[in-house]
Each structure stands twice: as structure tokens, then as C-alpha cells.
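Taking it in order: structure first as C-alpha cells, then the write-up.
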Amino acid sequence: MIKINHQEQPIIIVNNLVFGYEKKLILQGISFSLNRGERVALLGKTGAGKSTLLDNLIGLKLPQQGEIMIEDLKVENSNLNQIRKKIGFAFQNPEHQLFMPTILEDVMFGLLNYQISPQKAKEKARFLLAEFDLIEYENRSAHELSGGQKRLAALAGILALDPSILILDEPTNGLDPAWRKKLAQILLNLSVEVILIASHDLHWIRKITARGLILDQGKIQVDQPLSELFKQEKTLEKYRLFLDW
Amino acid sequence: MIKINHQEQPIIIVNNLVFGYEKKLILQGISFSLNRGERVALLGKTGAGKSTLLDNLIGLKLPQQGEIMIEDLKVENSNLNQIRKKIGFAFQNPEHQLFMPTILEDVMFGLLNYQISPQKAKEKARFLLAEFDLIEYENRSAHELSGGQKRLAALAGILALDPSILILDEPTNGLDPAWRKKLAQILLNLSVEVILIASHDLHWIRKITARGLILDQGKIQVDQPLSELFKQEKTLEKYRLFLDW
Amino acid sequence: MHIPDGFISPSVALATTLTSASFLTVSLSRTGKQIGLKQAPIMALTTAFIFAAQMINFPVAGGTSGHLLGATLAVLILGNPWAATVAISTVLIIQSLLFADGGITALGANILNMGIVGVWVSWMLTKTLQRLLGGSKKRLPLVAGISAFFSTVIASIFCSLELIISGTVSPHLILPTMTGIHILIGVGEGLITGGVLTYLITIRPDLLPGDEPKLQRWLIPIISTLLIAGILSLFASSFPDGLEKVAENLGFIHLAENVRIALNTPFSDYQISGMNEQVGTSLSGLFGTSICFGLSFLISKFIIPKSA
Amino acid sequence: MLNFSLYFNLRLSLILVISTALIKTGNWYFLAIYLILAFGWTFLLKTPIFTLIKLLGLELIFLGLMSLPLGVEKASFLILRSLLCLLIMNSFLLTIPKYHLAIALKGLPLPVKMQEIVILTAQYLEILLLEIKQMHTAAKLRGLKGNSQWLRYISASLIGSLYLRSLDRSERVYNAMLIKGYNGNFPVVIKISKMEHFILIITAIIGIILTINSYNSLI
Ligand SMILES: Nc1ncnc2c1ncn2[C@@H]1O[C@H](COP(=O)(O)OP(=O)(O)OP(=O)(O)O)[C@@H](O)[C@H]1O
Ligand SMILES: Nc1ncnc2c1ncn2[C@@H]1O[C@H](COP(=O)(O)OP(=O)(O)OP(=O)(O)O)[C@@H](O)[C@H]1O
Ligand SMILES: [Mg+2]
Ligand SMILES: [Mg+2]
């Protein structure tokens, strides 16, 4: 196991993770660890397995081999409640995230589950909805929002829980440039321990994160500071990450 | 009514279109026309009403005022079947588009509806799936695909019908850079009469389209060649279209 | 088949409510044990699905339409009659409360008919038929189709009985009409259930129960007889005389014609002369259904699923 | 305007329906009392009347036909009583705020486990119905004509596909709930006030007295 020292305190450790769907192996031995304070990008082409990997981190899928540790807790059925309490997780498709009758209730849902009083929960939820420009829609159902607004509502519901670890699956999908900018600011000002973001939006992600993992052929093929990575056009092109597209 | 001459043959004419949901007016008098051979971008911030406008064009929503003509046919209930036969329409969320048990059947669905023999339909569907790198998944159900793959499957289903008008709602959402590039090539090589694309992906859309419409406050505020528009940073910023985000 | 409020007497309401409530309590705890931790979401999903599938109407005769009841579907998807009872009961609770389909006071009766009788008849029939036919999973759609048909019809007979005991309807009318209509609805039910299972077997066989051991040869005739005598005679005996008249009265001419062609030939008027009227009726009914059942059994023996 | 909680509305409707449904057949006098109560309730909730009328089902007509041989008076009593129950229940239904079907059910007097299943089902149901609508729209855009053709496509395999889709969708909803700390108890903040409790108890008592009396009274 990886030793812990004070400079590099791993929050997430993934050790030789193997996962496949019935028909096909997708993750074939993934190992990496994320330390306190890190902001990390997860890159890789369409269908590489990014979403699958993220699902494994939070125990929505359980690995066939290998193990995942989140702050000294192994990701397995008995620990899931504790682990999920720490993690804010945004699905790739925000529609999958919104399930309550109105978006206000949706943002409140998590807060109420964590025993926050209804009044405080409501206050906090409305504060977040206001931050995401959604306060005028608070009593709407999610499907009465535009694509971008759904994304924002889903993000509000996650940030409301003050997670210490943030895992986002393509958070800028469907957002306009102004919102991409604002989201960047919000994320950069958050005080969380680790942020892991899967994204195809290379120009955006390089402004948010400092370290990049490239997932390909079921393995982490590259693990580098983004500033270096973005200088190596060859490497990027090898993994079909064209900067000008 | 707008006169038709041979240089500028309008395929889509929107005349003073007004549309609102129960609670709120969204489109407040939209007028524009798209001519044969044009490739047009529909821009505007999150929640501006782009998707709503596109839905109106194809009669999924019917305007409260004003009218829309598609190649001399007015968009109204009695004409919808005829109009829809001409138009390929991609939803913002590809999951809404895929409904058959497997993606092969999904791509074939439209072909079979238009009286193409099952064998030919299958051939064509498989050809398109191959083009979109999905042939190995042809017998999968849509929810067993990755986010990007769903988008590609949805696009395949639309292009299979050889539409003469193409309307796409944020088609690059969820695609990796390599696919964004390939999709651009595919779209540029298509022989369709009009393409209208709503998108927040400014750098991509400027490579595909030549004319830009900016929707804001329920009106088309700007209608300009994109090459000019992208030089006017002031205008862009006014509508929150930041080029570097 | 959903009985509305005000159509059953207080005593019937009370009796059925008590029966259903206690049965449901047992089912809940059984389900909890057998399905385990995640039971609520899985149950809720299947239930919601059955509900959604019910929204799709299929035309029956004379302008009426039927929809899926889903008892057999629930039994097979959940693989467990207790869970299926919970699922169908949930559907009925929601229907009565949120769609005003089926009464509040009749909830007990409706649960009894569809959630208990419908489900358990389905369960027993699928289990037995499946074994009779050799136990292969490939036979499931056919077995399911047949069970779905009978469970629908039998449930409708219970429904009629409750209305009769309540003194709400005239027995001469209700039994033949209800049963007649539900024979048609049952056919739709059977076709859809069978079809859905055919699909699931090809796409996601893992979601369905596995093969059953085949029965010993000598058991086949015994069980078949028991089946016919036990469950199907109930269905058979519910044909009193005068189906024709009823059909005319109520304007279900098509229905009458259909039924007449199918069942009326050997014993006209369902009477065997010289015998006590009731026994005669049910005997002839029994005979008719035995033939039907035998036929369907034979057919199912010879129709080999394409994929087999 | 009177502003009752959802649970109160549900429970009061239940009390009214049950006591109406159980009054003695043929006791027109008591039926009249409930007629007034039912209309009062409808009025208080401001139910849209026309929608209400449309909702009176085919099943009722069917049963009406069958009870007619029992005599016009008895049959019309049965039908009227049933209509009153429908009126009360629909008054509640039509005034549930949009998208709150599931939440409304939290007010049901059911065992916790059953309640959880019922609520989740109602919640999934809304999502599923939306999915069906979306499937239909998508099909229309690719050449499906009219509703009759849709019926053809609602073939068994499409229902099967709907099942897989719902399985997937509900798994995602469930995941989304888990991620927000769901632990088997749906958090909802609607509460019944003391005043409402009081009214409920009073109505229940009146209901019981009226219903029992309908069997004793000579009117
Ligand atoms: N439920 C499933 N069953 C079987 N295969 C699946 C399933 N979900 C995803 N896959 C397959 O697993 C692979 C990885 O999918 P995943 O969603 O993790 O990719 P991704 O990297 O997130 O892609 P994208 O960038 O398009 O979102 C894909 O090839 C996909 O087809
Ligand atoms: N079904 C609905 N009922 C009520 N309001 C709606 C509905 N759908 C969308 N809206 C509202 O209409 C406005 C326009 O929505 P629309 O989806 O057209 O925006 P858009 O320009 O496509 O945004 P995006 O870029 O986020 O996709 C939004 O403010 C949204 O909240
Ligand atoms: Mg993904
Ligand atoms: Mg949109």
C-alpha cells in the first residue's frame, strides 16, 4: 500500500481496479491516487470508460478485482453510506440526477437526509439556487428547465451538501460560455479536498485542474501535470485529444 | 410574404413567431428566413429559448402567434407528417431520441416507416452505424452505451433518413475532440439544403456554419455572417458569448 | 375489473379488506426476507412498470377496451408470488388514490381479486405448466400467456362474486358478462404477457427465472386433471344459461357470437338433460374447458419456439 | 382562501369517501347529507368542475347497466352514491399540485415499508410516463403517423424495451437518491397542524355516527 506522509496525503487510492460489463472488460487494472488539495482531470476518448471509473469510485458499480480506498474507508457495501456522505457526485446526464417534484425539493432532499432542519435546509437550498440563477424556477419540475438549467440545478443539489470530495462527470456539457466561466470560478473558490473531473472540454479543464489522467484501453496511460501535457501535442494526439477541436 | 428569387430561395421562413409556456413568454416575435444552401448557427445563452424555437420549427410545439413555413408548407397539424419527412431533427438530449430495443432497430425504424424494404433498411442502418463506430454495439440497448456513443447513435438514426433539412440541438455535447472533428467533416460533406445548429461550442460551430443568429430576450437580436460576428467581441460579450470559455 | 366505491356492501368491504390486509402484511414480510435490502426500489420499479404498461389500452369488443392487469407479468419478473402481490397491490392503491380508478372501500376487494387471486393463480399455473411442458425457459412466454389468460378470467369471477354477495348486481347478468368480457381481455393479456416475455428472454434472460426441473412422466396426467378440476372448473361453472340473452340485452352481440362458436356446440344451452340444473351447468362447463385446456396444451406442445 | 396541507386533504377525502360508500343502500336521506358534504368539499378545494365530470368512468356505466335489473330506484341509488365518492376523490386529485403525486401519498396511513414502496412507485411512475411520451415524440419525428400506428409499435417488444429502459432509469434515480444520502426514509416536510388534526377527528366521528345511523334510522 502507498505510504502516507504529510505533503502527500492520499484521499483517494485506486489499486489495480478491474471492472467489466457482462459482455466486455472496460477497466483493466487502474491504479492511481489523489492527494489532499489536488484538482485532477480525467481525460479519454468517447467510450474509454471514464464514467464507468467514476461510478466505481462511489460504489455505484463494484469492481471485479482490485480495491478503492476513500479516506481510509474501503469502497464496499458496508461503507457506502459513510463514503457517499463525503462525496459530491455529478452524473454525466443531469436528468438522471433530478428526481424530486420541484428543483427546490431536489436540492433540499440531501440536506434533509442529513438531519438538517427543514427551515435551514430550505434557506440553504434557496441560497444555492440563487447562486445558480435558478431562484425564479424553484417550484418548477426539472423537465420544465432548459438543458443548461438542468445541469445547474443538478450541480446546486450537490454543492448544497458541502462535500469534501467532488467528482464531476462532464460538468460543462450544455452550459453556455458565461456559465462555463462562472462555474470555473465557483469550483476554484470551493474549499474541498479533492476534485476529479471527467471532461472533453480541454480548454476549460486546463483552467480548473492541474493534473491530468488519460484513460485509454482500460488503463491510465498518462498521469502528468496538465501544463506539461498540453505542451506535448504528440501525446495528446495519440489519445485523440485535439486541442483545436 | 417574402418573394422567392433564384439566388435566395427560402427553405424555412419564420414570421413573427410568438410562443410561451404556461407561465412565461419565451419567444416574443421571431422572424428570419433560411435559404437553400445555408448553414446557420443559433446562439444564445442558457435558457434563451433555442430548444424551444427548434421545437416550434418542427411542430413539436405550436406557436401562439405567427407562422412558420417549411418549403411552402405551413407548420400546422395537418402538414406535420409531410414536413417531418423532410427534416432531420436531433434533440438536445440523445436519450430522448433512442427508443427502440436495440440501436440497430432504432436506426432502421425511420427507414422502415418510409417504406424501405427491411433488407435495404438494415444494410443502410449498418452502414451508418459503422460510420459512427458503433457497429460492434448494434445489438445493444441504448442505455448500455457511453454518453458520447448515445449522441452518435442518435445522429446516425437521423442521417439515415437523408433529410433535406437538418436541425441539430447541441450536437457536440458529450463528444470527444476527435469526434467533434469527424462530425464536422461529416456535416460539411452532406448534401442537404439547410442546416440549423444550436450550440454553445463557439469554436466548433464557426467551422461548420457561415451565418449566426443570436437569440436573446425572446428575439433574434443579431443576424450576421459568423466571420464578421466573431470579430466583434463587444457584441459577443453583450450576449455572454465569451470566445475564450 | 376495478370495483368503484359504493358497489360492495359494508360486510363484503370489511371482509375483503381484512383478508387483503392480513395477506398483504404476510407478503410484505416474506418479500423483505426474499428480496432483501434493496427491495423497495426494485419493487417500486417493477410496480411502476406494470402501471405504465397498463396505461396502454388494447381494444376488446363493442367499443370497450381492456388493459393489462399484469399479475402474471409481475409474478414472472419478480420471480416470487409474495412480491408480486405487493406489487399489484401497490398499483391498485395508487390507482384508487391518484387516478380514482377503483374505490377506496373496494380496495380490499380489488386487491383480493387481482393482487391475491390473480397473482396466485398465475403463480400456480406458470409453475405447473412450466414443469408440464418440460421446464425449459424457452417455453416461458407460452406458459405465461396461458396463465395470464386464466388468471384474468378467474379474477373477474371473484369480482362478480363479490358484487353478487353485496346484492349490487343481478347474478344472471354479471357472471356471463363479466366472464365473457374478461375472456376477451384475457386473450389480450395473454398475448401481451407472452410477447413481453419473448422479448425479455431474447434480450435479458438473466432477469427471468431459470429452467424448472421436468416433472416425472406419470405425474403429468394427474396434475393436469387436478388443474382442470380445481381451477378451471371454477371458470367453467360460471357460465349459467342465457349468455345469449345477456349479450343481446347489453348489446354485446359480437361477444355472444364469439362465445357461441367456441363453446356452444356439444351441449346446447349448457344443460345435460335429466341432471340437476347446477351440476349440469358446471359439468358441461367443465367438459368444455377440459377440451379447451387440452387443446391449448397440445398446441403448446407442438409450437416450438423459434429460438429453441 | 383556505390553505390546508396535502395530507389533511388526503385524509379528509378518505374519511368522506369511506363513510359515503358505506351508508345503507336505499337511504336517500343520508345520501342527501353526503351530497351536501361532497359539494362543500369540492367547493372548498376549488375543483375544476368540467374536468371532474369528464372523469366519470366507463366502468361506472357498465356496472350501472348491470344493476339496472335490480330496479330503477336501487340502481340509481347505487350510481349516485358511487358518483359522490368519485366526486370527493377527484376533488382531492385535481387539486394536488403538479408533480406532487408521490409526495401526497406520504400522508397515507400505511405501514412504513408499504408506504416507501408506494411513494417510490408513484415517483418512478411520473418519470416513466414522461419517458413514454418522449419515446412517442421521437418516433413521430421519424415517420410514425398518428396514434393508431403508435399502437402498432406498442408491440410487446416495445413494452419489453420500456421495461429495460425503466429498469435503467429507476436504477439511476435510485443512485441519485443514494448519493444524496437516502437511507430508506423519504424526507418530506409537510406537516399536519393541530387544527387540522382536530378537524379530521371530528369529521371521522361524525362520519361514523352518520353511517351507523343510516342502518338504524327509519327514514
Ligand atoms: N450498461 C452497460 N452495459 C454494457 N456496456 C456498457 C454499459 N455502459 C457503458 N458500457 C460500455 O462501456 C464503455 C465505457 O463507457 P463509459 O460510459 O464509461 O465511457 P466514457 O468514457 O464515459 O465515454 P463518454 O465520454 O462518451 O461519456 C463503452 O464502450 C460503453 O459502450
Ligand atoms: N416545459 C417547460 N415549461 C415551462 N418552461 C419551460 C419548459 N421548457 C423550457 N422552459 C423555459 O423556457 C426557457 C427556454 O428554454 P429552452 O430549453 O428553449 O432554452 P435553451 O436556449 O435551449 O437553453 P439551453 O442552452 O440551456 O439548452 C427556459 O427559461 C426554460 O426554463
Ligand atoms: Mg461518460
Ligand atoms: Mg436547449
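Naming: A, B, ... by sequence-line order, numbering from 1 per chain.
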**Q.** Any I179(D) side-chain heavy atom under 4.5 Å of L60(A) side chain
**A.**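 The answer is yes; the side chains approach within 4.5 Å.
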**Q.** Min side-chain heavy-atom separation Y114(A)-K180(D) under 4.5 Å
**A.**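 Not in contact.
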Q.
Which residues pass the ring-ring contact (aromatic ring centres under 6.0 Å, His included) test with F132(A), not counting sequence neighbours?
A. W179(A)
(Q) Give the interface residues of residues 85-96 of chain A toward chain D, defined by a heavy-atom separation under 4.5 Å. (A) F89(A), F91(A), E95(A), H96(A)
**Q.** Interface residues of residues 146-162 of chain A facing chain D - heavy atom cut-off under 4.5 Å
**A.** G157(A), L161(A)
Q.
What verdict does the side chain to side chain contact (heavy atoms under 4.5 Å, CB included) test give for F99(A) and R172(D), after you've listed the backbone C-alpha separation in whole Å, the side-chain angles of each residue and the deciding distance to 0.1 Å?
A. CA-CA 10 Å; F99(A) 54 87; R172(D) 288 176 205 267; over 6 Å; no
Q: Quick one: list whatever passes side chain to side chain contact (heavy atoms under 4.5 Å, CB included) with E131(A), sequence neighbours left out.
A: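 Counting only residues at least two positions away or on another chain, E131(A) forms a side chain to side chain contact (heavy atoms under 4.5 Å, CB included) with F127(A), I186(A).
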Q. For the candidates P163(A), A121(A), G59(A), G110(A), which exhibits the highest count of non-hydrogen atom pairs separated by less than 4.5 Å from chain D?
A.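 Heavy-atom pairs under 4.5 Å are most numerous for G110(A).
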